[in-house]
Amino acid sequence: MSSAEHIAEGRAPDGVRPPSRVRQLAAASIGNAVEWYDWYAYSFLAVYFAGQIFPADAGNSLVPLLSTFAVFAVGFFMRPVGGLLMGAVADRRGRRTALTVTILLMGGGSLLVALTPTYAATGILAPLILVVARLVQGLSVGGEFAASTTFLVESAGPGRRGLFSSFQYVSTTVGQLLASGTAALLAALLTEQQMGEWGWRVAFLVGALLSLLGLWIRRGAQETRSEQQAAGRPGLFEALRRHPRQSLLICGITAGGTIAYYTWTTYLPTYAQVNAGFDKADSLTVGTLSLVFFALLQPLGGMLSDRIGRKPLLLGFSLGFAVLAVPLLHLVTDSFASLLLVQCAGMVLLTGYTAVAAAVNAEVFPARVRAAGIGFPYSLTVALFGGTAPYVGTWFKQAGRADLFPWYVAALCLVSFLVYLTLPETSRQELER
């Protein structure tokens with residue numbers, strides 16, 4: 001019996017110290033939280049540094065912000081490459097090796113953002129450096145999801161894959177909380193001028209330091225790739241070539257989830273600012289409170305899926321957003337209570353997807369190509385619909401049709417609802433190793 005199979009059964013082979021499930025969770029979750037802190041700090045602080053990195057258009061004050069979100073989207077388009085390359089590393093060299101590489105890339109990208117010069121000082125070089133930094137971080141994030149999803153689900157015991165799966169978004173949310181909390185703290189301590197001049201850089205320097213902490217913690221992880229998997233070396237495109245249906249299925253599973261997720265957890269504060277005149281600092285506070293609520297929901301959703309299955313949660317999420325996305329976003333005003341209510345209501349619906357996404361994705365592919373099989377189609381879909389959400393929302397506003405963005409969210413969730421109807425229930429099946 002391989003080490004990975006012993007991990008699944010909660011015991012170790014002869015001469016090997018039994019793995020701690022808590023330690024396995026910590027290795028994946030803490031490192032993942034650091035990764036996402038670095039990634040999300042960009043979106044939370046974009047309103048402060050946009051004018052420093054991009055030249056303003058005298059006729060339109062939204063141009064620097066629009067340009068900054070365009071770079072946010074560009075970073076997402078490196079995610080499929082990261083999902084493919086780092087997924088292949090995870091399938092060939094092991095999950096732990098891939099997790100080590102991804103956190104090093106993210107820390108380096110965060111440091112580069114912190115050191116990006118202003119447009120006034122270096123001209124076009126400033127946005128070019130920012131683009132390079134986001135490309136490196138996009139590569140890292142694409143690989144992180146593939147490796148950490150596979151690692152988490154393979155570390156779970158019988159009947160616990162949903163619970164372990166939920167920690168993918170628990171840790172992602174903790175990273176967002178750290179990012180939004182840091183941004184809110186800096187905004188409270190500094191003037192808006194100080195935030196725009198240098199305060200935003202502090203958050204990215206902190207992210208680079210946290211990456212070193214995540215790297216140290218991941219060194220204690222135990223590999224979950226089985227000896228049978230280690231004996232083979234799957235080709236880079238083997239998952240796509242041999243499992244095209246599963247690859248398309250991942251795209252359909254992800255489309256509605258990613259647009260809802262990035263709208264509610266990342267873009268909503270900015271949406272409230274540009275569409276309802278909401279205060280910048282207050283929007284960050286609302287985002288922080290709602291993310292705490294969201295993180296607490298994830299394990300409950302994961303455990304529920306282990307009891308009743310993944311499919312009911314997915315159907316509830318997608319149908320809920322297809323029906324309620326438009327009225328919820330139209331309820332956003334400049335009132336603190338209205339934004340908090342809308343964001344928390346969306347978080348409840350969103351949990352039906354986020355709590356089970358890692359388990360559902362891992363259960364689609366065989367063990368041999370699981371990481372790469374998940375990584376590429378998932379990251380491609382996120383790049384197309386999740387990463388572009390802030391840009392599309394801001395573009396609709398600039399075009400004078402901000403009312404169309406909620407319908408765009410609802411339509412993608414309806415597409416995923418139709419896909420979820422075709423899914424078999426996999427919560428009771430054994431995970432292939």
Side-chain angles (χ1 to χ4, degrees), residues 43 69-70 72-77 79-80 83 141-142 145 168-169 172 245-272 275 294 301 310-332 342-343 345-358 360-361 364 374-399 401-423:
S43 61
F69 281 139
F72 184 78
V74 165
F76 271 84
F77 280 95
R79 290 182 64 165
V141 166
F145 185 87
Q168 177 72 38
Y169 279 93
T172 299
R245 179 184 174 278
Q246 287 88 335
S247 297
L248 287 174
L249 196 58
I250 294 290
C251 295
I253 290 169
T254 306
T258 191
I259 186 66
Y261 177 78
Y262 282 99
T263 297
W264 249 259
T265 66
T266 302
Y267 177 58
L268 197 56
T270 303
Y271 178 89
N275 289 284
F294 184 60
R310 324 287 188 222
K311 195 168 178 177
L313 271 70
L314 290 171
L315 291 173
F317 146 72
S318 54
L319 185 59
F321 266 105
V323 173
L324 297 176
V326 174
L328 281 175
L329 288 175
H330 283 164
L331 286 175
V332 174
V342 168
Q343 199 151 13
M347 299 299 195
V348 173
L349 293 174
L350 188 56
T351 297
Y353 167 78
T354 54
V356 303
V360 171
N361 288 338
V364 166
I374 294 170
F376 181 73
Y378 171 85
S379 296
L380 180 62
T381 309
V382 171
L384 289 172
F385 302 113
T388 58
Y391 182 84
V392 170
T394 307
W395 182 84
F396 274 131
K397 172 63 177 178
Q398 186 188 38
R401 294 307 307 269
D403 58 306
L404 292 181
F405 181 70
W407 288 102
Y408 172 67
V409 175
L412 285 176
C413 289
L414 181 60
V415 170
S416 284
F417 173 77
L418 298 176
V419 173
Y420 300 151
L421 286 174
T422 70
L423 289 178

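Note that these values count all heavy atoms, side chains included, but never hydrogens, waters or copies made by symmetry. Fair warning: this is a prediction, and the values are worked out from it, not measured in the lab.
- Closest approach of A260 to L350, counting heavy atoms only: CB-CD1, 3.9 Å.
- Residues L380 and P80 approach most closely at CA-CG, 3.4 Å, considering heavy atoms.
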### Query
Yes or no on side chain to side chain contact (heavy atoms under 4.5 Å, CB included) for V141 and F145, after CA distance, side-chain angles and deciding distance?
CA-CA 6 Å; V141 166; F145 185 87; 5.9 Å; no

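- Residues I250 and I374 share a closest heavy-atom pair of CG2-O, 4.3 Å.
- The two atoms that bring R310 and V360 nearest to each other are CB-CG2, 3.8 Å, heavy atoms only.
- We find the CG-OG1 distance between N361 and T254 to be 5.5 Å, quoted to the nearest 0.5 Å.
- Once rounded to the nearest 0.5 Å, the distance linking NE2 of H330 with CG of D403 reads 6.0 Å.
- Using the six-membered ring where Trp is involved, F294 and Y261 have ring planes that are tilted, between 30° and 60° apart.
- In summary, of the residues considered (L315, L249, V364), a side chain to side chain contact (heavy atoms under 4.5 Å, CB included) with L423 occurs for L249 alone.
- The nearest pair of heavy atoms linking Q343 to P269 is NE2-CD, 4.4 Å.
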### Task
Give the intermediate values and the outcome of side chain to side chain contact (heavy atoms under 4.5 Å, CB included) for residues T265 and M347.
CA-CA 8 Å; T265 66; M347 299 299 195; 3.9 Å; yes

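- Closest heavy-atom contact between S416 and G256: OG-N, 2.8 Å.
- Ring planes of Y271 and Y267: perpendicular class, angle over 60° (limits at 30 and 60°).
- Scanning for side chain to side chain donor-acceptor pair (under 3.5 Å) contacts around T351 gives Q298, with sequence neighbours left out.
- The distance from the CG atom of L412 to the OG1 atom of T263 is 9.0 Å, given to the nearest 0.5 Å.
- If you take CD1 on I253 and OG1 on T381, they are separated by 10.0 Å, rounding to the nearest 0.5 Å.
- With values rounded to the nearest 0.5 angstrom, I259 atom CD1 is found 10.0 Å from W264 atom CH2.
- W407 has its ring centre no less than 6.0 Å from the ring centre of F396.
- Between L319 atom CG and L314 atom CG the span is 12.5 Å, to the nearest 0.5 Å.
- Y420 and F317 have tilted rings, their planes meeting at an angle from 30° to 60° on a 0 to 90° scale.
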